[in-house]
Each structure stands twice: as structure tokens, then as C-alpha cells.
Amino acid sequence: MPKVLKIAVQAPLRSVFDYLPPAGSDPDTLRPGVRVQVPFGPRRRIGVLLEIADSSELDPAKLKPVLAVLDPEPLLSADDLALLTWASRYYHYPIGEALALAFAPLLREGKSAAPETVRVLCPEGPGAAGAAALVKRSPRQAELLRLLWEHPGGLPPAILAGLDGGKHTANALVGKGLARWREQAAQVAAALPAPAPALELNPGQTAAVARVLEALGGFRAFLLDGVTGSGKTEVYLRLAGEVLARGGQVMVLVPEISLTPQLEARFRARFPAPLAVYHSGLAAGERRRAWLAMQRGEASILLGTRSAVFMPLRAPGLIVLDEEHDASFKQHDGFRFSARDVAVMRAHLLKIPVVLGSATPSLESLHNVRQGRYQHLHLPERAGGAAPPLFRLLDIRGQRLVEGLSPRLLSEIGQTLGRREQVLLFVNRRGFAPTLICHACGWVAQCGCCDANLVIHFGEDRLRCHHCGHEQALIRACAKCGDTGLRPLGLGTERIEAALEEHFPEARVARIDRDSTRRKGSLQQLLDDIQAGRVDILVGTQMLAKGHHFPKVTLVGIVDVDGGLHSTDYRAGERTAQLIMQVAGRAGREDRPGSVLLQTRQPGHPLLCSLIREGYAGFAEGCAAERAAAGLPPFGYQALWRAESAEADRPGRFLAGLAESAGRMRAPSLQVLGPVPAPLARRAGKHRAQLLLQSPRRGELHGVVETLLDAVPALLAGCRVQWSMDIDPVDVY
DNA sequence: AGCACGCCGACT
DNA sequence: GTCGGCGTGCTC
């Protein structure tokens, strides 16, 4: 029996495929982790060699040989493969697709992983003086020759391109045997000189650093719990320094691309070590370069977003994941992994520590602390002894509001501006108003292909659907009765911005949301303006709550907290509390504590009260008790099936079939909830439904899911839908 | 997912 | 007579 290659082929199929070694090759030289090209049905596909086996369950005559082995050395180590195999199993996602997503896009497509080279020009032949005599009549050649002998190591293309007729002159010299081209490995990003000194640590930071350092060289998970400004980043930097000194690599993950530049700046200023940045905003070539630099160990610090969690590491020493509560760590389509949970599993498999940082930890992580799985590290309130912000509820019941702003909030804004301090207003909705309604007949502008209202974008004179690509010109007359009394209903950032400009004509108002920051670099420009004091009032969405710090802001207004408290999503409370605390964290500085005003019509709401009286920790405790009583995560486990189709009845029928199969299984702890229409029952012309499976026993839930996946093909026959299955869902939409 | 094959309506 | 609609089945 010849050797059989077990290959994870890039295809949405849950099995591994068997192939024969490529014709005329020695299978003993092959190693798991190399990419291969294989025949797959009528086409060719890229796959990854997982294992070299002695036999196949299939008839060997039916096996085809691999067409090509793409890498001389494995790109993924046994550890990398183990992690991806685990993730593929845990999330029930096809192994070939999961593996493909671990590669930089160019490598996924089968492009070369060979080290990049540049062609440099080197001097050759008689020495400088002798050669000069040979080109007396060509001044350009003579000049280049002089340059060459000054740099006998070779001139890179960048310098040659800067010379008049550089390439031409160079080739002339090569023709005369006075120079030659040489392929040379491209330089990895050069190290920076003069690292910035480390900051002084306060006792809390010192203790946190010490606890993690004790754990280096083995697995341990830490929850680093510290409010904004408590100096979490300095803790990361200290830990990174120690790991680098021991020759290890450090992986640092953040939830959003926009958070990488500031962190990159701090790491680069501190460490001369080569650093790689990896996220989907980079060009394909840059991503490949960063990926290979980490894989080969040429870079020792990795800064990335969730897609970086699978990057191969040559000498892994530490994983840091900042803002661990952030839902962006969960992939929302395709391979729906949680980068936070994968990071913890990866640290476990690699036997290294992982540090999860947050000012507002997720209930999951707090639960893991209670269970003894994570160690809780607290940082004192604020580095430098700044006072925490003062929270106040503003009861707006019966108040006369100016575009949603109460007289009290407006007067406090005025006072703050009078002191030449900045104000931040948080409105969790972009656009002018979320609804356009006819005052005469009650007609509401709706999206033709979603169950959603069109949002008014006054500035651009458009109506937009925030759920599909649809947009149209803003209409002046009711589409139903023709009346011209159309009114905006509800509040968005644009409307608040306009109201403030009207009310405080002297103030400079900046709006920060996805619309105002769409252009590349515009967010940075706005942040710079705020930093430099060229802005008096900031109005924005949750973009304001993420990472950026505004030390000149002393008043934070949350225009409408009630919206976040009354959602059908059981996580809405947790998210609202995190958002409030994160936005509040932007306010105040060492010499002047910030003030946070929350406008509400329910000043007695238990969530709000506990958050304000006891802080986030107290709130989280109460919230966890409610979850425990209902068996919700983190006290129960969930798998969410989604289905959609242009045909209204299909998603429900498909999911009902699954629900029925689930009900027939022997799984006493399993709760089958649904199928029900999705919260957005129609989106982009597709009808959507979902089915939630829940169980306090993870193993039982996953067993059911596995069986149901086997039943999918039969259910799909005669009821075609687009479907997906989401393990540990964080969003139900 | 692609991409084949395969069996029924409106057209150069 | 075909071109092409998408239902069905397969990929080691």
C-alpha cells in the first residue's frame, strides 16, 4: 500500500480528502503543514497536508495524485494545525475553509511564500581605478562605477531608479563585465534606534506585571481589569519587553483596525524589535509580508485584529487581547470564531500566558474568573491619581426637549464651553433621524427590500437603508398622499450636531460616525483636531467609545440611554453598560474629574441604578445572576441556526425540520427555541428566520449540532435556503 | 461553494 | 428546432 496524504481542501465540505503523493516524488520528504495543489472534481484547488497515512478508507484506485507541492517547508507548524483542527471542530466549520482563512490572502490563493528578493547591482572585474579607465568616455557609467565601488555590498533598485538613466547605465556596465546583478533577500523592516524609556509603574501595574511574568513559560489566562487610563498598555509593554528579552514573540490583538496605529506607535517607540501589523485593511502584499515575517520569526511583535489570531508564530511567548469584551472579536460571517476564545485555546495549546484586558469585562470572562479558570488582575482606578467621573441621571420625563436635549443638559454644555473645556455627546445612531413620517397620513418611508425604515441623511440629501445597500434621494412629498408635511422622527448624530450648532453658534462641533469618517485618514484628522483643541463639542456614535482618549473632555452626555435598555436581545443590558462606562472613560483628566449625564425617562431602572451606584462590577454581578437564573450564557451554551431565502416560507420550514430532528434526539438538557422570524425578518429581499439551541451542557449541545449538520443535506433537498450555524453567538440579528 | 448534468418554457 | 431556467448531485 502506498502512502496516503490526508489533505484539507479549500472547499465547504466537512471532510478531509485522501490523495496519493505527487508522481515521481518521495513521500518521506513531505511534511504536514505544506500547501499543495490538488485535482478536485473538474477543477484544481489549494489544500494543506494534514497527515501522511498508511492507508485510506477509500479504494486506492480512486485516489488521485497531488498535482504539486507548493512549499519546500511547512508554513504551518504542528501547533498551528492543532489549533485550526480544534477551531474547525469546535465551530463545526469545514477544516479546509478554516485553514484557508489562517493564511494571508495571497498564500491562500497558492502564491509563493519564498522570501522576497531584490536585484542589487554589484561591482565586478578590475578594482575601482582599473575599471574607471575602461569607461572614460561615458561619464554616467563612470559615476555609477564610482558609486558601486563605494558600496561593494550592492546598490538596491531604489537608488538605481533615482539616477539618470540608472537601469540603462547599469546594464551597460554589466555588458562590459564591470558589474553584475545579484538576487538578495529583501531587508526586513529595520529596527528603530533610541527606544523610549519605560514609564514608572504604580503598585497595581507592578503587581499585575509580576503575576504574569511568574506564569511565563506555561499556560495561564489573566483578566486584566482596569478602567480607561489605568495604564493597561504600559502593562502590555512591560510584559512584551520581558518576552522579547527571552527571545519570544508577542501577539497583541485589538478589536478594530483604527486602534492599531496608536498601539503600533507605542510599541515601535519602546522596542527596537521588528514589528508586524496584520489586518484586513492592508494591501495583499503587506499582509503576506507580515504573515511570513511572523512565521519565520523575523518579526517578534505582532499587532493585529481578529484575523491575526491564527497567524503562525515561530517562538510564541505571550498573547495579549485588549478590549476583550468587544463583540468585534467574534467573526460575523463564514467562519464564526471568537478571536478571544481562540486566543485562550491557543495559549493553552502553546503553554504560554494570555492576558485579556478590559475596563468592562464580558460576563463570560468574569464567569471564568469565578470558576478559577482566569486570574483576575485589578488595576487601581486611574494612573496618576485622576478622579473617576461623576455619574448623574437626568430625569427628562415631562421636560421640554430641544431635539432630544434637555434644558439641564444644554445649560451644562454651555457652562463647560464657558470654561473652555470640551463636551462629548453620545448618540448611538448615525444619520439625521431614523424615520421619515408623513404628518398628514402617517406613512413612513421604508426600504423596499428590508423590514426597516429608511434613515434620513439630511446633509447628503439622501434616504438610506442601514441594512442593505439601498439609498435614494430625500423626498419632499409623501409617497402615499402627496402631502409635503414630511417630518423627521427620532434622533441621529447629524440632528444633534445641527441642534448644537444652532444652540451654540460659537462652538465648533465635530461629528464622528461611520459617515463622517468614511474617507481614509479622516478619522485621524478629526482625532487630531480634537486633541489640538480645535473642537469644542464632539458628537458621535460608539466609535467614540473605542480606545481613543480625549483628555480635554470634562462633560459627557448620553442623549438616550433608554433605547439600549429595552431590546429583545438579552445581551443589550451588558452592552449598554459597557458602552456607558467606555464613553464615560473618555472624560476627565488628572486635575479635573469628568462629569457624565445620562438622559433617561426611567431614572429608577434597576440596571441604571446599580451601574451608577455600584459601578460596572456591581452591575455585572446583578446581570450575571439574571443570566444564571435563565440558563443563558455564560451559564448555558448556545448554537444559533440562521436561514434565509427569497421564498417566505422556506427558512421556517428548513429550521422546523432541524428543530424536529433535534427534538427526536436523546438530549435531556437541550432547549429548542424556535424557529422564529429573525429580528429583521426581511433583509435585502430575503426572508430570514432563526432557531436557537441551548443547553447547560456544552458537550450535549455540540453532539446535537453535529448530528443536525449531517441532516442538513436531506433537509435542503426540496427546500433550498442559505443557512449558517453560529456557535456561541453574540449577536442575534 | 463551484460546476457539471438534466429536463421543461420563450425565442434568434 | 435551440438557449437557458435552476433543481440535483458530486468533489478523495
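Everything numeric in this text was worked out from a predicted model, so none of it was measured. Atoms considered below: every heavy atom in the structure, side chains included; atoms not considered: hydrogens, waters and symmetry mates.
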Chain A footprint on DNA chain C, 5' to 3' - any atom under 4.0 Å from a heavy atom: C:dT8 to C:dC12
For residues 30-53 of chain A, the ring-ring contact (aromatic ring centres under 6.0 Å, His included) pairs (sequence neighbours left out) are A:Phe17-A:Phe40
Note, A:Pro696 side chain near A:Tyr637 side chain (heavy atom, < 4.5 Å): no
All heavy atoms of A:Gly317 vs all of A:Ile352, minimum pair found to be O-CB, 3.6 Å
Determine whether the side chains of A:Glu700 and A:His702 contain a donor N or O and an acceptor N or O closer than 3.5 Å. no
Enumerate the side chain to side chain donor-acceptor pair (under 3.5 Å) contacts for residues 305-318 of chain A, please, sequence neighbours excluded, ordered by first and then second residue. A:Arg306-A:Gln331
Donor-acceptor contact present, side-chain A:Gln249 to main-chain A:Met294, <3.5 Å: yes
Return the set of residues passing ring-ring contact (aromatic ring centres under 6.0 Å, His included) with A:Trp86 (not counting sequence neighbours), or none when no residue passes. A:Tyr90
Judged by atom type as modelled, is there a donor-acceptor pair below 3.5 Å linking the side chain of A:Ser88 to the main-chain atoms of A:Tyr93? yes
Expected list for residues 36-45 of chain A near DNA chain C, using heavy atoms below 4.0 Å, is A:Pro39, A:Phe40, A:Gly41
Please classify the nucleic acid contact of A:Ile7 as base, sugar-phosphate, or nothing, using heavy-atom distances under 4.0 Å. nothing
I'd like to check A:Ser280 versus A:Arg287 (side-chain heavy atoms, cut-off strictly below 4.5 Å). Are they in contact? yes
Chain A contact limits on DNA chain B, taken 5' to 3' with a cut-off of 4.0 angstrom to heavy atoms: B:dA1 to B:dC3
Min side-chain heavy-atom separation A:Phe310-A:Asp80 under 4.5 Å: no
